[in-house]
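Everything below concerns the one structure shown next.
For the numbers below, each heavy atom of this structure counts, side chains included, while hydrogens, waters and symmetry mates do not.
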Amino acid sequence: MTTAQTQELDVQPSPLALLLLGREADPRSERGVECPGDLPSPSDPDLVERARAAKEKLGDKVFVLGHHYQRDEVVQFADVTGDSFKLAKDAAARPQAEYIVFCGVHFMAESADILTGDDQKVVLPDLAAGCSMADMATAEQVAECWDVLTEAGISDRVVPVSYMNSSADIKAFTGRHGGTICTSSNAKRALDWAFEQGEQVLFLPDQHLGRNTAVRDLGMSLEDCVLYNPHKPNGGLTAQELRDAKMILWRGHCSVHGRFSLDSVNDVRERIPGVNVLVHPECRHEVVAAADYVGSTEYIIKTLEAAPAGSKWAIGTELNLVRRLANRFAPEGKEVVFLDKTVCFCSTMNRIDLPHLVWALESLAEGNLVNRIEVDKETEQFAKLALERMLALP
């Protein structure tokens, strides 16, 4: 369709389309489009030595965090590895570090900035390392949703619970409205707490984690859950449907975990007799229901650590981690394979590569602060309140 045709039809490019085209930036979105600075070439044979030298020069002034989904070339320089919340807490426990270099994605760096001291500076090596799931819930959309719940007469009995994989704005909304944050490992505890505070839950932004936790862990039925679509009037739901629901799930998902299907599970069981299927709770409900084990990234790692030699495992999570686990446990006689035949990396997580890390470390070593992630004070105040409610969960 030509520009003239779109104008004739009064069709305007959406903000998301403009972001994807690199023609516009939204500072309140997880997705960035710029990466300032002259990056070293990926073919530079000295990249590893340059990273090591810059990190050594910075000494205790820098603390490098590496998410489990990062590339091996980046993880080798991490002082600690873990999931997003563990890493944010690790950063907060290192007040002597002036710079926190977060090898992860934007919302993770925001959480680190919220939890660390005012004198600490959080750096994201590539500002375009966002999260498609976090992008699926904007502050404006969630505010509109709350208006819909208010009009339906239920906002006073709805407690928001937001997944860690959300922007600082969404965490702040949650804090303002009496809610809490959760991770994939404590979602049940968070929901138990929420239902003690109110009668219904608005779960943001991952529908699958919310649905799986409600049905698997809390004993609800699928009918207790409704799906709020921010792109439809009133979320595509009637006021009565909203009133009757126990779980109001936001229409968001992880682009990696959402790819796994029931066919993936059935196929791997046929190909590898006796295989154990272990998946992340961000997977679709039918995948989780068909799996043998379900849990967070940390749970997946601990399960494989405890597995007997000779056991076989098909893992439904990001491919960088699965490959790392396969290599780690092969000497112990454990077979670890990716659940799906299709290769699926987290494309935004993979934006943090060795050239970006080298550029960030060398810039800091030269006294140039780059790619700082800084949450404004009001947002930080309410987001931290929601995070503190999570930390206080029994």
Side-chain angles (χ1 to χ4, degrees), residues 64-88 90 102-109 111 125-126 129-134 163-165 183-185 187 206 208-209 212 253-260 264-265 268 272 275-284 287-288 291-307 311-332 334-354 356-357:
V64 180
L65 308 176
H67 191 271
H68 286 309
Y69 296 166
Q70 286 290 300
R71 306 161 182 255
D72 287 345
E73 66 186 51
V74 169
V75 165
Q76 66 177 316
F77 293 104
D79 293 301
V80 293
T81 58
D83 62 15
S84 59
F85 187 58
K86 175 183 180 295
L87 293 176
D90 286 340
F102 209 124
C103 297
V105 295
H106 195 273
F107 78 81
M108 300 178 186
S111 297
D126 187 347
C131 170
S132 60
M133 180 200 297
Y163 191 21
M164 193 72 181
N165 299 28
T183 67
S184 53
S185 58
D206 181 21
H208 300 307
L209 178 62
N212 290 327
H253 65 276
C254 170
S255 57
V256 171
H257 292 107
R259 291 178 59 94
F260 299 115
S264 304
V265 178
V268 80
I272 308 176
V275 71
N276 296 282
V277 177
L278 171 57
V279 303
H280 195 282
E282 289 177 19
C283 293
R284 302 180 191 191
V287 173
V288 165
D292 300 301
Y293 302 89
V294 181
S296 66
T297 304
E298 296 291 339
Y299 173 86
I300 290 172
I301 296 170
K302 290 177 181 177
T303 299
L304 289 176
E305 287 174 341
S311 56
K312 303 173 183 180
W313 298 85
I315 311 299
T317 193
E318 205 273 342
L319 184 54
N320 273 318
L321 175 61
V322 177
R323 283 182 169 176
R324 193 172 300 124
L325 294 174
N327 291 331
R328 174 183 171 185
F329 293 112
E332 300 178 24
K334 303 172 189 178
E335 181 181 353
V336 178
V337 301
F338 192 57
L339 176 58
D340 196 56
K341 286 183 177 179
T342 304
V343 172
C344 186
F345 293 101
C346 175
S347 58
T348 50
M349 188 78 73
N350 267 269
R351 293 193 69 97
I352 308 295
D353 56 14
L354 195 50
H356 282 87
L357 179 60

Side chain to side chain donor-acceptor pair (under 3.5 Å) partners for [X], two or more places apart:
| X | result |
| --- | --- |
| Glu305 | Arg328 |
| Glu298 | His68 |
| Thr183 | Ser185, Asn186 |

Looking at [X] and [Y], would you say the former's side chain and the latter's main chain have a donor-acceptor pair under 3.5 Å?
| X | Y | result |
| --- | --- | --- |
| Glu282 | Cys254 | no |
| Gln70 | His67 | no |
| Asn276 | Trp313 | no |

Which atoms form the tightest heavy-atom contact between [X] and [Y], and what is the distance?
| X | Y | value |
| --- | --- | --- |
| His208 | Cys283 | CB-O, 3.4 Å |
| Ala78 | Leu65 | CB-C, 4.2 Å |
| Ser184 | Pro281 | CB-CG, 3.9 Å |
| Val275 | Ala314 | CG2-N, 3.6 Å |
| Gly104 | Ile352 | O-CG1, 3.4 Å |

For a 4.5 angstrom cut-off between non-hydrogen side-chain atoms, does [X] reach [Y]?
| X | Y | answer |
| --- | --- | --- |
| Asp72 | Arg324 | yes |
| Cys103 | Val64 | yes |
| Ile300 | Thr317 | yes |
| Leu304 | Val336 | yes |
| Asp83 | Met164 | no |

Pairwise distance [atom1]([X]) to [atom2]([Y]) - rounded to 0.5 angstrom:
| X | Y | atom1 | atom2 | answer |
| --- | --- | --- | --- | --- |
| Met133 | Leu209 | CE | CG | 7.5 Å |
| Arg71 | Arg351 | CZ | CZ | 10.0 Å |
| Asp126 | His106 | CG | NE2 | 11.0 Å |
| Ile301 | Thr81 | CD1 | OG1 | 7.0 Å |
| Tyr69 | Thr297 | OH | OG1 | 3.5 Å |
| Phe338 | Leu321 | CZ | CG | 10.5 Å |

Worksheet item: Among Leu339, Val287, Val279, whose side chain to side chain contact (heavy atoms under 4.5 Å, CB included) with Ser264 holds?
Response: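 Passing option: Leu339.
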
Item to complete: Could you check Ile315, Asn320, Val322 and say which one makes a side chain to side chain contact (heavy atoms under 4.5 Å, CB included) with Glu318?
Response: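 Exactly one option meets the side chain to side chain contact (heavy atoms under 4.5 Å, CB included) with Glu318, and it is Asn320.
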
Practice prompt. Verify the ring-centre separation between Phe107 and Phe102: is it less than 6.0 angstrom?
Written response: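 Judged by ring-centre distance (under 6.0 Å), Phe102 and Phe107 do not meet the cut-off.
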
Fill in: Evaluation steps, side chain to side chain contact (heavy atoms under 4.5 Å, CB included), between Glu335 and Ile272
CA-CA 10 Å; Glu335 181 181 353; Ile272 308 176; 4.1 Å; yes

